[in-house]
There are 2 protein chains.
Amino acid sequence: MKDHNDMPGHLARRFQQIAVAVFLAEVEDAGFDLTPVQYAALATIKANPGLDQVTLAGLIAYDRTTITGVIDRLVQKGLAERRPSSRDRRARELEITDEGRRTLRKITPAVESAQRIMLRGLSAKESEELMRLLRKAIAAGNELSRAPLRDAQV
Amino acid sequence: MKDHNDMPGHLARRFQQIAVAVFLAEVEDAGFDLTPVQYAALATIKANPGLDQVTLAGLIAYDRTTITGVIDRLVQKGLAERRPSSRDRRARELEITDEGRRTLRKITPAVESAQRIMLRGLSAKESEELMRLLRKAIAAGNELSRAPLRDAQV
DNA sequence: GGATATTGATCAGTATGCTGACTATCAGTA
DNA sequence: TACTGATAGTCAGCATACTGATCAATATCC
């Protein structure tokens, strides 16, 4: 391991750093103020209306303690709602608001543009291969983080 | 872009999340308390004795405002020293301590083991390919983050 | 030489992400 | 039913990361 360029951990950090910067820049250019994490949460709430926070966390592999703050900010921005569940008084049901739906719709081009930009050094084939390898490595390491990906239990 | 598994940004976050978790677990198992960022900083200080904080930041692509805290903690743990530069009174020269050198030496197996574990789902060839693609994507996006990688200017 | 611009370091503020602890609630069982 | 264990959510505390600002010192240009 001569230098950090041979270390997958360093490369992971670096790629993520660039991915976040590109995402924020594209989204801001489009006139919005939403972080990658907030975007993923909002999109997942929209796709799974009424889900609780733990389920949301599992679907996008966040730690449950991180989710609290993320949702606080989505609620504060008027993009999502958090209300007590009727079935389980411990849980909160999450819903997207009309404003959240509007934001998601308008922000999508910027998000997709960001995904292209962060791969701009790679050909289409290389991009596919990178994503395939990342998915494979992630699948094998899923249980190694405190916040593994979980299927929605229906 | 059907779901987040098609988004390189999401995969980047996920892979990094696992990489950090694996690193911390391996290092803790070895009896040490050092984060990936602290390790990279310490190794780079050792390889470039007397460098200043901005140069260090450039070599490992950290934001300069992040470096301050990282070094605070390395100094507090007795692994590095920060002293005023004689050539430039704005700058601080960084040195590794004997304790830091000892720690680096003893921690290396855990760090290398972590790099293997985070790639355990991939063959050797796939691992090489993943790193190649990450390096390529990173090189093309280097200037897109606030903390690009910089060569040491000698 | 002196005004100007740049640079090294830090700071306040904000947002992830984690550990570990805690409360309230629920589920299963003796 | 009472006890036990698990679960949903939150909180305090800590460590990255970033934005934007400030201060001191150095470089540059006229």
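By convention in this document, chain letters (A, B, ...) are assigned in the order of the sequence lines, proteins followed by strands, and residues within each chain are numbered from 1. Keep in mind it's a predicted model, so treat the numbers as computed, not measured.
Of the candidates D:dA8, D:dC18, C:dA9, the closest approach to any side-chain atom of B:Thr65 belongs to D:dC18. Nearest to the side chain of B:Val37, among D:dT16, C:dG8, D:dA8, sits D:dT16.
One interatomic measurement links the two molecules: CG of B:Asp52 to C1' of D:dA25, which rounds to 14 Å at whole-angstrom precision. Look at CZ on B:Phe23: it is 16 Å from C1' on C:dG17, rounded to the nearest Å. Going from atom CG of A:Leu34 over to atom P of C:dA15 covers 11 Å, rounded to whole Å. In this structure, B:Tyr62 places its OH atom 11 Å from P of D:dC18, rounding to the nearest Å. Following rounding to the nearest Å, B:Ile71 (CD1) and C:dT10 (P) show an atom-to-atom distance of 8 Å. For the pair A:Asp63 CG and D:dT16 C1', the interatomic distance rounds to 15 Å; values are reported in whole Å. Protein atom NE2 of A:His10 is 15 Å distant from nucleotide atom P of D:dT16, rounded to whole Å. For the pair B:Asp72 CG and D:dA17 P, the computed distance is 16 Å after rounding to whole Å.
Taking 4.0 Å as the cut-off between side-chain N and carboxylate O, B:Arg82 and B:Asp72 count as a salt-bridged pair. With respect to the salt-bridge test (charged N to carboxylate O, under 4.0 angstrom), the residues A:Glu99 and A:Arg101 do not qualify.
With the nearest nucleotide of DNA chain C identified for both A:Arg73 and A:Arg89, A:Arg73 has the one nearer the 5' end. Of the residues near DNA chain C, A:Pro36 and B:Glu28, the one whose nearest nucleotide (by heavy atom distance) lies more toward the 5' end is A:Pro36. With the nearest nucleotide of DNA chain D identified for both A:Ala21 and A:Glu93, A:Glu93 has the one nearer the 5' end.
Among the protein residues, A:Thr35 comes within range of the sugar-phosphate backbone only, with heavy atoms under 4.0 Å from sugar or phosphate atoms but none that close to a base. A:Arg64 comes within 4.0 angstrom of a nucleotide base, judged by non-hydrogen atoms across all strands.
Regarding contacts with the backbone of C:dT10, a side-chain N or O of B:Gln53 is found under 4.0 angstrom from either OP1 or OP2. A close approach under 4.0 Å does not occur between any side-chain nitrogen or oxygen of B:Gln16 and OP1 or OP2 of C:dG17. Regarding contacts with the backbone of D:dA8, every side-chain N or O of A:Arg92 stays at 4.0 angstrom or more from both OP1 and OP2. Side-chain nitrogen and oxygen atoms of B:Arg87 include none within less than 4.0 Å of the OP1 or OP2 phosphate oxygen of D:dA25. Between B:Gln17 and C:dT16, a side-chain N or O to OP1/OP2 separation shorter than 4.0 Å is absent. The side chain of A:Arg13 places an N or O atom within less than 4.0 Å of a non-bridging phosphate oxygen (OP1 or OP2) of D:dA17. Side-chain nitrogen and oxygen atoms of B:Thr68 include at least one within less than 4.0 Å of the OP1 or OP2 phosphate oxygen of C:dT10.
Judged by distance alone, with hydrogens and angles left aside, A:Arg90 brings a side-chain donor or acceptor within reach of the base of D:dT7, the pair sitting under 3.5 Å.
There is a side-chain donor-acceptor pair under 3.5 Å between B:Glu26 and B:Ser113. B:Arg73 and B:Gln76 form no side-chain donor-acceptor contact under 3.5 Å, judged by distance and modelled atom types alone. No hydrogens or angles considered: a donor-acceptor pair under 3.5 Å links the side chains of B:Thr55 and B:Asp52.
Base pairing analysis places C:dA30 opposite D:dT1; the two distances defining the Watson-Crick or G-U wobble pair are each below 3.5 Å.
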Name the atoms and distances for all side-chain donor-acceptor pairs under 3.5 Å in residues 132-139 of chain A, with sequence neighbours left out.
from     : atom 1 : to       : atom 2 : distance (Å)
A:Arg132 : NE     : A:Glu129 : OE1    : 3.1
A:Arg132 : NH2    : A:Glu129 : OE2    : 3.1
A:Arg132 : NH2    : B:Glu126 : OE2    : 3.4
A:Arg135 : NH1    : B:Asn5   : O      : 2.5
A:Lys136 : NZ     : B:Glu126 : OE1    : 3.0
A:Lys136 : NZ     : B:Glu126 : OE2    : 2.9

